[in-house]
Amino acid sequence: MVQVERCGRGGFTLIELLVVIAIIAIIAAILFPVFAQAKAAAGDAKTISNLKQLGTAFELYTDDYDDVYPQAADGTPGTALAGGWVYYSIFRSTDAGTFDVTKGTVYPYVTALPVYLSSGDPESTWDGNSFAMNGYLTKWQPTGLSPSVASTTVPNPSGTMLLGEEASGSGSLFGYGYGNGTNDGYFNPVFDHFAKFHPAGAAVVFCDSHAKIFQAQDHYVQTVCGSPVQCF
């Protein structure tokens, strides 16, 4: 019997391995930004969903309280002061506050704790709340807790912010000068700034409960007042 020897190859050459590695690197470079964009889009959608749920909770609250919005606490005098839409136990002027949303007046209408958080808030793992109520909807009081106006008195509900992502401090995100989370859950039109926790801007829910992400800081008066006429 005649045996036939088979010519075999023991493995890949160095050049072949380098070509494969180069191809994998090119594919990764193409796919990683796509995955990052998909993750960011999912986070944006989640934040918008959370704000819509909170907007609905505010509507349910006003139905029970003669169309009047819940009260809101502002700054140091509002620390640990019950009665606002959200409760904070610690106020930090340049950083996010520490919130216990279970003590807020809106909590009975939306009891899922993650709803109070934004996917883009870098401090959402510990602060407990990412959103602030529009101070234009309240009658500001220096004692900290401010009574609110009736929802029926808002001239332009579809254009007036109800809740939005407030930023405090000096940490920068996406080019904005304020990257920390809300410090009190109260958006004071005179002093406060919108966050930019998303590449497209800040997440905002309006008084008619529709929500979107846009460059709110660049349209400050229009967003807070519901018109280009300054209301504060």
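On a predicted model such as this, the values are computed, not experimentally measured, just so you know. Side chains are part of it too, since the values below use all heavy atoms of this structure and drop only hydrogens, waters and symmetry mates.
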Would you indicate whether the side-chain heavy atoms of R92 and T98 approach each other to under 4.5 Å? yes

Sub-6.0 Å ring centroid separation between F58 and Y109: no

Please determine whether the number of non-hydrogen atoms from other residues, nucleotides or ligands lying under 6.0 Å from atom CG of D64 exceeds 12. yes

Are T105 and W85 packed together at the side-chain level, in the sense that at least one heavy-atom pair is separated by less than 4.5 angstrom? yes

Only one of T47, N50, D121 clears side chain to side chain donor-acceptor pair (under 3.5 Å) with S130; which? D121

Indicate the ring-plane relationship of Y88 and F91, choosing parallel, tilted or perpendicular according to the 30° and 60° boundaries. tilted

Identify the residue among Y220, F131, Y178 that makes a ring-ring contact (aromatic ring centres under 6.0 Å, His included) with F194. Y220

Taking A132's backbone N and O only, do any of them form a donor-acceptor pair with E166's side chain (distance below 3.5 Å, no angle check)? no

Within the structure provided, determine whether E123 and D95 are in side-chain contact (heavy-atom separation under 4.5 Å). yes

Candidate pair Y186 and S146, rule side chain to side chain contact (heavy atoms under 4.5 Å, CB included), full reasoning: CA-CA 10 Å; Y186 183 94; S146 301; 4.3 Å; yes

Please tell me if the side chains of V110 and Y116 come closer than 4.5 Å, counting only heavy atoms from C-beta onward. yes

Spell out, as yes or no, whether a donor-acceptor pair under 3.5 Å connects the side chain of D184 to the backbone of G75. yes

Under a 4.5 Å cut-off applied to non-hydrogen side-chain atoms, are V101 and L113 in contact? yes

Taking the side chain as every heavy atom from C-beta outward, state whether P122 and F197 have any pair of such atoms under 4.5 Å apart. yes

Checking side chain to side chain contact (heavy atoms under 4.5 Å, CB included) against Y69, which of V106, T153, L137 comes through? L137

Taking the side chain as everything from C-beta on, heavy atoms only, tell me whether D127 gets closer than 4.5 Å to L117. yes

